[in-house]
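Okay, structure first, notes after.
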Amino acid sequence: MKEFTYVITDKEGIHARPAGELVKLAKEYTSTVSVIKEGKKADAKKVFGLMGLGVKNGMEITVQIEGEDEDTAAAAVEAFLKENL
């Protein structure tokens, strides 16, 4: 399992457009991709799950990725977060 933390820098936090793009990216991989905020866990392949976390600017999230393509998935998700959130 791969795991990393990231602090959201987007002034609106995780909102609809980047959440949808993150879901699209996560679905490209067979690995399970989860986003955790303050102990609450969401499947990164489901937009309502991500939006339900209510992640705002300045909050720290933990991303967990587990599966056969976890290395490439982790690199892609981390790059996405840095570029978009």
Side-chain angles (χ1 to χ4, degrees):
M1 176 172 58
K2 295 282 185 185
E3 182 176 295
F4 64 89
T5 58
Y6 181 77
V7 176
I8 301 299
T9 57
D10 186 289
K11 64 181 174 148
E12 294 179 31
I14 297 181
H15 52 98
R17 184 193 51 75
E21 290 176 12
L22 180 56
V23 167
K24 194 169 158 184
L25 174 67
K27 285 182 176 180
E28 292 178 15
Y29 299 94
T30 59
S31 294
T32 303
V33 182
S34 302
V35 177
I36 304 161
K37 181 201 91 174
E38 299 171 350
K40 197 172 165 189
K41 189 174 190 175
D43 182 347
K45 295 182 181 183
K46 297 183 178 174
V47 73
F48 289 113
L50 285 177
M51 298 294 294
L53 290 176
V55 180
K56 305 291 181 206
N57 181 25
M59 290 183 167
E60 182 178 86
I61 60 169
T62 300
V63 179
Q64 290 180 340
I65 302 170
E66 186 170 12
E68 59 186 44
D69 56 359
E70 64 188 30
D71 292 329
T72 52
V77 170
E78 192 165 13
F80 174 86
L81 292 173
K82 289 177 180 176
E83 290 173 22
N84 298 283
L85 289 167

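Just so you know, these numbers come straight off a predicted model, no measurement behind them.
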Within the structure provided, determine whether [X] and [Y] are in side-chain contact (heavy-atom separation under 4.5 Å).
X: Asn84; Y: Asp10; result: no
X: Val35; Y: Leu53; result: yes
X: Tyr6; Y: Val63; result: no
X: Leu81; Y: Ile61; result: yes

Could you grab the distance from atom [atom1] of [X] to atom [atom2] of [Y], nearest 0.5 Å is fine?
X: Glu3; Y: Ile36; atom1: CD; atom2: CD1; result: 6.0 Å
X: Met51; Y: Ile14; atom1: CE; atom2: CD1; result: 9.0 Å
X: Thr32; Y: Lys45; atom1: OG1; atom2: NZ; result: 6.0 Å

Would you call Arg17 and Glu21 a salt bridge, using N to O less than 4.0 angstrom?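 Looking at Glu21 together with Arg17, the answer is yes, because their closest N to O distance falls below 4.0 Å.
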So for atom NZ, which belongs to Lys2, do other residues, nucleotides or ligands contribute more than 12 heavy atoms lying within a distance under 6.0 Å? no
Got a donor-acceptor contact below 3.5 angstrom from the [X] side chain to the [Y] backbone?
X: Glu78; Y: Ala75; result: no
X: Thr9; Y: Leu85; result: yes
X: Lys37; Y: Leu50; result: no

